[in-house]
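As the structure lists them, so they are numbered: ligands from 1, and atoms in each ligand from 1. In this chain, numbering begins with 1 at the start of the sequence shown.
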Amino acid sequence: MKVMVIGSGGREHAMVWALRRSAQVNEVLAAPGSAGMAREARCLPVAADDVDGLAALARQEQPDLVLVGPELPLTLGVVDRLQAAGIPAFGPTAACARLEGSKHFAKQFMEKYRIPTAASRTVASLEEGFQALEAFGLPVVVKADGLAAGKGVTVAPTRAEAEAALRQIFEARVFGPAGDRVVIEECLAGEEASVLALCDGRTAAPLLPAQDHKRVFDNDEGPNTGGMGAYAPAPAVTPEIMRRVQQEILDPVMAGMAKEGTPYHGVLYAGLMLTSDGPKVIEFNCRFGDPETQAVLPLLASDLSDLALACVKGQLAGRTVEWKPGAAVCVVLAAPGYPASYPKGLAITGLTEAELIPEITVWHAGTDWQDGRWVTQGGRVLNVVARAETLAQAVNRAYQAANRIQFKGMHYRRDIAQRALVAGAQAAR
Ligand code: AMP
Ligand code: GLY
């Protein structure tokens, strides 16, 4: 099989890695891919948001399967285009990708199909927003409706901060048309977890639950990022919670989307708050999570290409997703200044030494190969991923590898998975 991956980050590098492990995959293409992937995939210079270019590339290369990494091409309809060209594409259509592309759409859908989520109201002007705030307690959450590169959400502890967030969106137009509408919602309390599921239009098969670390500094301090690390499986999602997620969230999404005439294929990512009333949806994403995928795919024993094809063809029912024992941890090495502005072109050393450690993989999220050396190219630079028999061992191994890598001003969180380790130690006492 010839398989094409769309995207260029650490998540896509992990997807390429998993596909290369399949006995039935003999060629992997990546568009645009990255220098870090080039050893494992033939990279083709078409941008991930160039839907016309990607459709033309796929017609030319005729892959047996395309997997789409990022949300933007999905919301722009790349899967619809590939399907129209007769190319099997793993991912939701544009109509389905609205679950991520419009928070208002997701909220309406959840309300209609009684899927547990925070109470909310959608507003379309500053005045309406100010008025709606009356109905909510504090803290209150203000969300731009459209895609905002992970920056569209403000959890406001005070009324003044909620009003300031509304002004930013409606007056300063910081998110442009993505802020034409705003969802105001109740703030949920609890632990967050991510459950990603493979979907074939009718059946949703959950992957191992994972936990992301969104804040830049240890102990969840500092500003939000694209994700500073992840681990799987997340013990906070107990088998009982997983059963509820399937029954109360995943199954109703599948049934509801089918009923709307837009059956959901691809990955459905449920960002959850584990509240005292049970799991509630904070957000849906229409794709693999980044960096959750980097912690989940190393544990997948089943063949990813096989599962993805089953999703495309509607043949997931009755199949089991097999897992390797143990746990996996992903530590994100970030550029100085990230998530604010950061320099590029810093020389990276120690990659080979890090990868000498057994069960370590280093995926490239934002690097380039220039003049015979690796240099930084993005904010999230590298993903150091370890698999081991226990979570504690995986954490130790990941940090052992991370310590061997260096670039000027590099920073990373030292407490990835710490919450689960502490909870586990307490439970054992
Ligand atoms: P998002 O950009 O949608 O991933 O949201 C960013 C973060 O905002 C989430 O990871 C949560 O920590 C927080 N958040 C979003 N919605 C809520 C909510 N209703 N209650 C509490 N926290 C929330
Ligand atoms: N890890 C969060 C995301 O992929 O959106």
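Sorted by chain then number, the residues whose non-hydrogen atoms approach ligand 1 to under 4.0 Å are Lys103, Ala118, Val141, Lys143, Val153, Val155, Glu185, Glu186, Cys187, Leu188, Glu192, Lys214, Met273, Ile282, Glu283.
Judged by the 6.0 Å and 45° rule, Arg98 forms a cation-pi pair with Phe105.
Residues Asp220 and Arg215 are not paired through a salt bridge, judged by the lack of any N-O separation under 4.0 Å between the basic side chain and the carboxylate. Between Glu248 and Arg114 there is no salt bridge, since none of the side-chain N atoms of the basic residue sits less than 4.0 Å from a carboxylate O of the acidic one. For Glu111 and Lys107, the salt-bridge test fails: no basic side-chain N is under 4.0 Å from an acidic carboxylate O.
The shortest contact between atom 5 (O) of ligand 2 and any protein heavy atom is with Arg287 NH2, 2.8 Å.
Annotation for ligand 2: atoms under 4.0 Å from non-hydrogen atoms of Gly289 are 4 (O).
For residues 290-300, the side-chain hydrogen bond (donor to acceptor under 3.5 Å, both in side chains) pairs, not counting sequence neighbours, are Ser194-Glu292, Tyr269-Glu292, Asp290-Gln294, Gln294-Asn383.
Checked by atom type and distance alone, the side chain of Arg387 never pairs as donor or acceptor with a backbone atom of Ile360 at under 3.5 Å.
The shortest N or O to N or O distance between Asn285 and ligand 2 is under 3.5 Å. For Asp212, a nitrogen or oxygen atom sits less than 3.5 Å from a nitrogen or oxygen atom of ligand 2, counting backbone and side chain alike. Residue Lys214 has no N or O atom closer than 3.5 Å to an N or O atom of ligand 2.
Heavy-atom contacts from other residues, nucleotides or ligands closer than 6.0 Å to CD of Gln131 number 12 or fewer.
No side-chain N or O of Tyr399 forms a donor-acceptor pair with one of Arg397 less than 3.5 Å apart. A donor-acceptor pair shorter than 3.5 Å can be found between the side chains of Ser22 and Ser305.
Within the structure, ligand 2 lacks Phe288 among the residues with a heavy atom less than 4.0 angstrom away.
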